[in-house]
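Worksheet: the structure to be examined is printed underneath.
One-based numbering along the sequence shown. These figures come from a predicted structure and were not determined experimentally.
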Amino acid sequence: TSVVNFKFDHLLACVVVKVKSEIDGLSINSVKLSGVKDFGNYNGSVWESTNETTIEYTETTDIIKGSDYIDVTGEGILVIPGSTNGVQLNLNNNIKYTANIENPTNWEKGMKYTYTIVIKQNDIIFNEPKVAKWDSDNATGSVIIK
């Protein structure tokens with residue numbers, strides 16, 4: 001048995017949402033991406049998406065006031081790359097903040113988009129996404145070939 005490091009390129013895009021709070025008692029109940037593509041055909045060079053849908057990640061996450069950004073998407077939501085015209089991010093939480101933002105970034109295959117959000121007493125601040133190559137260097141585990 002040998003362990004082989006296997007590097008590959010992702011055909012999808014990964015969207016991560018991280019939240020930071022400047023108020024007490026905040027819990028994020030769900031994150032929704034509306035108007036995204038999650039089904040289609042890949043012809044060897046580009047995606048041909050065949051639908052438009054809403055993807056929702058629902059797991060309650062408590063955000064401690066003053067803590068660093070906390071991932072509220074379970075390490076990311078996978079989407080088919082392409083134009084994001086009309087894509088919206090909706091953040092639902094227990095304080096009755098509901099936020100929708102238009103997403104001006106075109107998602108590309110093999111890229112990870114990390115959106116950071118700061119919730120203040122009277123504001124929600126959405127920062128421009130951090131974009132990085134989504135590769136297997138940060139993945140854990142190995143492929144074992146026998």
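Both Val36 and Val131 belong to a common hydrophobic cluster when Ile, Leu, Val, Met, Phe, Trp and Tyr are linked at side-chain heavy-atom distances under 4.5 angstrom.
Lys20 NZ to Lys120 NZ: the interatomic distance, rounded to the nearest 0.5 Å, is 9.5 Å. Distance check, rounded to the nearest 0.5 Å: CG of Asn93 to CD1 of Ile124 gives 6.5 Å. Note that the CD atom of Glu56 and the OG atom of Ser30 stand 4.0 Å from one another [nearest 0.5 Å]. Separating the CD1 atom in Ile23 from the CG atom in Asp123 is a distance of 11.0 Å, to the nearest 0.5 Å.
Asp71 is not listed as a side-chain neighbour of Val17, based on a closest heavy-atom distance of 4.5 Å or more. Using a 4.5 Å heavy-atom cutoff, the side chains of Asp62 and Leu26 are not in contact. Counting heavy atoms from C-beta outward, Lys112 and Trp107 have side chains that stay 4.5 Å or more apart. The closest side-chain heavy-atom distance from Trp134 to Met111 is not below 4.5 Å. In this structure the side chain of Leu89 reaches within 4.5 angstrom of the side chain of Phe126, judged on heavy atoms. Annotation: side chain of Thr73 is in contact with side chain of Val16 (closest heavy-atom distance under 4.5 Å). Residues Ile77 and Leu33 form a side-chain contact, since some pair of their non-hydrogen atoms from C-beta on lies under 4.5 Å apart.
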Pair Tyr115-Asn127, side-chain contact (heavy atoms from CB on, under 4.5 Å): steps then yes or no: CA-CA 7 Å; Tyr115 294 87; Asn127 297 306; over 6 Å; no

Verdict with reasoning, Ile63 to Ile119, per side-chain contact (heavy atoms from CB on, under 4.5 Å): CA-CA 10 Å; Ile63 310 295; Ile119 298 183; over 6 Å; no

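Checked options Thr58, Thr60, Val72; the residue passing with Ile28 is Val72 (criterion: side chain to side chain contact (heavy atoms under 4.5 Å, CB included)).
A donor-acceptor contact closer than 3.5 angstrom is absent between the side chains of Ser27 and Asn29. Residues Asn90 and Asn92 bring a donor and an acceptor atom of their side chains to less than 3.5 Å of each other. Gln88 and Ser34 form no side-chain donor-acceptor contact under 3.5 Å, judged by distance and modelled atom types alone. The closest side-chain donor-acceptor pair between Asn51 and Thr53, if any, does not fall under 3.5 angstrom.
Pairs passing the salt bridge (charged side-chain N to carboxylate O under 4.0 Å, His left out) check and including a residue from residues 29-42, sequence neighbours excluded, read Lys37-Glu52. Annotation: ring-ring contact (aromatic ring centres under 6.0 Å, His included) contacts involving residues 30-80, sequence neighbours excluded, comprise Tyr42-Trp47.
Taking both residues in full, the closest heavy atoms of Cys14 and Gly76 are given as SG-CA, 3.7 Å, listed atom of the first, atom of the second, then distance. In terms of heavy atoms, Leu12 sits closest to Val79 at CB-O, 3.5 Å. Taking both residues in full, the closest heavy atoms of Ile80 and Gly40 are given as CD1-N, 3.6 Å, listed atom of the first, atom of the second, then distance.
The hydrophobic cluster analysis finds Val46 isolated: no Ile, Leu, Val, Met, Phe, Trp or Tyr side chain comes under 4.5 Å of it, directly or through other members.
At distances below 3.5 Å, at least one donor-acceptor pair connects side-chain atoms of Asn43 with backbone N or O atoms of Ser45.
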